[in-house]
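Heads up, the thing below is written out as structure tokens.
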Amino acid sequence: MEQLELNPRIIAAASRAHLKSPREVLCVSGPDLQRLTGLSSSDVQQLLIAAATSCRLHPPIAALVLHRKLDAGLRLSVGCPVLNQLLRGGLLVGGVTELSGESGAGKTQLALQLCLSVQYPTQYGGLHSGAVYICTEDSFPIKRLQQLIRDQSLLRSDAPPSLISSLQFSDHVYIEHVADLDSLQVCLSRRVPLLLTRGLVRLLVVDSLAALFRSEFQASDWLQRSKQLITFSSTLHHLSLRFTTPVLCINQVTDFLSGSDDSLGSLSSSVSPALGLLWANQVMVRLMMRRLQATVAHGDQTSVLRRLEVVFAPHLARSGRDAAVWREGVRGVMREGGEVLTSV
């Protein structure tokens, strides 16, 4: 702490609060710092700025500038024109995208669909490579993946049947199961970089994010949890930017109290993504899926209507599109005057 360019009085107050390094300071919120150190709000602000400056390896880059530095024309298609329109072509190839929602909203369905979409050539919205899928709680839904593979020709009418039949989809989805944060860190620091370096994958999916952090930490362990969350986020960003690879993190949701700030959650939902503001600041794009109180039909199939919403992104408006889950995958649903017309 002594290396910080601050008033000695502020450094002494931080030391009395047992904050031994700038990184520890950054893991504590402003109000908590005021309570722990007894410093004023302006003193705490100076402390946070000095701590952040000392930890910064490179000058800060705004999200829009980072977006422009990436290949602006390269996206990972979702596999549906309606949802691609919402996302301006699909997922960004650099940066972390979060997809949150309640159980049964369709998050895993969309993630599996992306694992197949990434294998198409770039002219069909793919990245001509495989995907690595990290499961943290449930077993990998292999039967559902096989069903999606069988029905790819129904979902991807934009791609020639000969191309679809030539792709060995199941051979290029690499599955990892991790039971704790240590295993997750080993996977992200060793096995995943090996697959990326060899060009075997260009998509990383973590399903789900909150499971491990909720199970391993108690409420009193907030400081250690914050450190682990920042380390995890840093690893994901490093992999994404180094290998120009989309990273999709599936997250659970939690209820928020009436009257609280839900600006980081869905436009019209009573839940918000888990892990709070600290994690929200680590992602570039936040998407949410939720189930609606309606049913839609498509041929001999019926599905509960869903809605995919953009909560925040540097390049997207806050908007949403209706969707449904069919045997062949997740497809957008068009409406006119509040009435469901068709699924495309």
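Excluded from the calculations below are hydrogen atoms, water molecules and symmetry mates; all remaining heavy atoms, backbone and side chain alike, are included. Quantities reported herein were computed from a predicted structural model and do not represent experimental measurements.
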side-chain contact (heavy atoms from CB on, under 4.5 Å) between V178 and L212: does it pass, once the steps are laid out? CA-CA 9 Å; V178 297; L212 297 181; 4.2 Å; yes
Audit row: V330, L155, side-chain contact (heavy atoms from CB on, under 4.5 Å) steps and yes/no: CA-CA 8 Å; V330 182; L155 180 70; over 6 Å; no
Quick one: does I230's side chain get under 4.5 Å of C27's, heavy atoms only? yes
Enclosure of Q123 CD (heavy-atom neighbours >12, cutoff 6.0 Å): yes
Side chains of F232 and L188: closer than 4.5 Å at any heavy-atom pair? yes
Here the gap from R307 atom CZ to L305 atom CG, rounded to the nearest 0.5 Å, amounts to 9.0 Å
Is there a side-chain contact between L99 and M288 (heavy atoms, below 4.5 Å)? no
What distance do F243 atom CZ and L203 atom CG have between them, rounded to the nearest 0.5 Å? 14.5 Å
Any idea which heavy atoms bring P141 and T108 closest together, and the distance? CG-CG2, 4.0 Å
Flag yes if V201 and V192 sit in one hydrophobic cluster, no otherwise; membership is Ile, Leu, Val, Met, Phe, Trp, Tyr, and two members link when side-chain heavy atoms are under 4.5 Å apart. yes
For the CZ atom of R225 and the CD atom of Q228, what is their distance to the nearest 0.5 Å? 11.5 Å
Within the distance-only criterion (no hydrogens, no angle test), does the side chain of S100 pair as donor or acceptor with the backbone N or O of P273 below 3.5 angstrom? no
Is there a side chain to side chain donor-acceptor pair (under 3.5 Å) between D207 and Y133? Walk through the geometry before answering. CA-CA 7 Å; D207 184 6; Y133 199 106; 2.6 Å; yes
To the nearest 0.5 Å, tell me how far D43 CG sits from T37 OG1. 8.0 Å
Would you say the side-chain atoms of R306 pair up with the backbone N or O of V304, donor to acceptor, closer than 3.5 Å? yes
Are V132 and L200 connected, step by step, through hydrophobic side chains (Ile, Leu, Val, Met, Phe, Trp, Tyr) whose heavy atoms are closer than 4.5 Å? yes
Kindly determine whether V271 and T254 satisfy side-chain contact (heavy atoms from CB on, under 4.5 Å), including the steps that lead there. CA-CA 5 Å; V271 296; T254 183; over 6 Å; no
Do the side chain of R331 and the main chain of G79 share a donor and acceptor less than 3.5 angstrom apart? no
Can you find a pair of side-chain heavy atoms, one from R286 and one from W279, that are under 4.5 Å apart? yes
Please check if L167 and I142 belong to a single hydrophobic cluster, counting links between Ile, Leu, Val, Met, Phe, Trp and Tyr side chain heavy atoms closer than 4.5 Å. yes
Do Q252 and E137 pair up side chain to side chain, a donor and an acceptor below 3.5 Å, judged on atom types alone? yes
Between the CG atom in L83 and the CD atom in Q113, the distance rounded to the nearest 0.5 Å is 7.5 Å
Could you check S40 against Q34 for side chain to side chain donor-acceptor pair (under 3.5 Å), going step by step and ending with a plain yes or no? CA-CA 6 Å; S40 66; Q34 282 188 257; over 6 Å; no
For the student: nearest non-hydrogen atoms of A210 and A274, plus distance: CB-CB, 3.9 Å
For R290 and E309: C-alpha separation, side-chain torsions, deciding distance, then whether salt bridge (Lys or Arg N to Asp or Glu O under 4.0 Å) applies. CA-CA 9 Å; R290 59 189 180 89; E309 294 182 344; 3.2 Å; yes
Quick one: does any side-chain atom of R88 pair with a main-chain N or O of H315 as donor and acceptor, under 3.5 Å? yes
State, with a plain yes or no, whether a side-chain heavy atom of S77 is found less than 4.5 Å away from one of Y124. no
Between CG on residue L127 and OG1 on residue T244, distance to nearest 0.5 Å: 9.5 Å
Indicate if L154 and V82 have the same hydrophobic cluster label, given that clusters are the connected sets of ILVMFWY residues with side-chain heavy-atom separations under 4.5 angstrom. no
Keeping the roles fixed (side chain from T197, backbone from L194), state whether a donor-acceptor pair exists under 3.5 Å. no
Hey, is the main chain of L229 close enough, under 3.5 Å, to the side chain of S233 for a donor-acceptor pair? no
What heavy-atom pair brings L148 and R327 nearest, and what distance separates the two atoms? CD2-O, 3.7 Å
K20 backbone acceptor or donor facing E24 side chain under 3.5 Å: yes
Of all heavy-atom pairs linking G90 and V78, the shortest is CA-CG2, 4.4 Å
Determine whether V186 and D182 make a side-chain contact, defined as any pair of heavy atoms from C-beta on separated by less than 4.5 Å. no
For F169 and I164 the tightest heavy-atom approach is CE1-O, 3.7 Å
Taking the side chain from T235 and the backbone from T231, do they hold a donor-acceptor pair closer than 3.5 Å? yes
With no hydrogens and no angle check, do the side chains of R144 and Q109 hold a donor and an acceptor under 3.5 Å apart? yes
Side-chain donor or acceptor of R75 paired with backbone N/O of N84 under 3.5 Å: no
Quick one, V253 with E102, criterion side-chain contact (heavy atoms from CB on, under 4.5 Å). Give me CA distance, side-chain angles, the key distance, then yes/no. CA-CA 6 Å; V253 293; E102 297 173 294; 3.5 Å; yes
Looking at the rings of Y174 and F140, which for Trp means the six-membered one, are their centres under 6.0 Å apart? no
Could you walk me through whether E176 and R191 pass the salt bridge (Lys or Arg N to Asp or Glu O under 4.0 Å) test, one step at a time? CA-CA 9 Å; E176 295 280 353; R191 294 194 288 275; 3.1 Å; yes
Tell me the closest heavy-atom pair linking G125 and S117, and the distance in Å. O-OG, 4.2 Å
Student check: side-chain heavy atoms of P161 and S153 closer than 4.5 Å: no
Let's go through R156 and D151 carefully: what are the C-alpha distance in whole Å and the side-chain angles of both, what is the deciding distance for salt bridge (Lys or Arg N to Asp or Glu O under 4.0 Å) to 0.1 Å, and is it a yes or a no? CA-CA 9 Å; R156 297 301 301 266; D151 292 335; over 6 Å; no
Same cluster for L33 and L223 if Ile/Leu/Val/Met/Phe/Trp/Tyr side chains link at under 4.5 Å? yes
Has the side chain of Q119 got a donor or acceptor atom that lies under 3.5 Å from a matching backbone atom of C115? yes
Side chain to side chain, L248 and E98, heavy atoms closer than 4.5 Å: no
If we count only N and O atoms by modelled type, under 3.5 Å, do the side chains of Y120 and Q152 hold a donor and an acceptor together? yes
Out of V285, L76, V247, which one pairs with T97 under the side-chain contact (heavy atoms from CB on, under 4.5 Å) rule? V285
Given L209, which of V283, I250, L275, L184 fulfils the side-chain contact (heavy atoms from CB on, under 4.5 Å) condition? L275
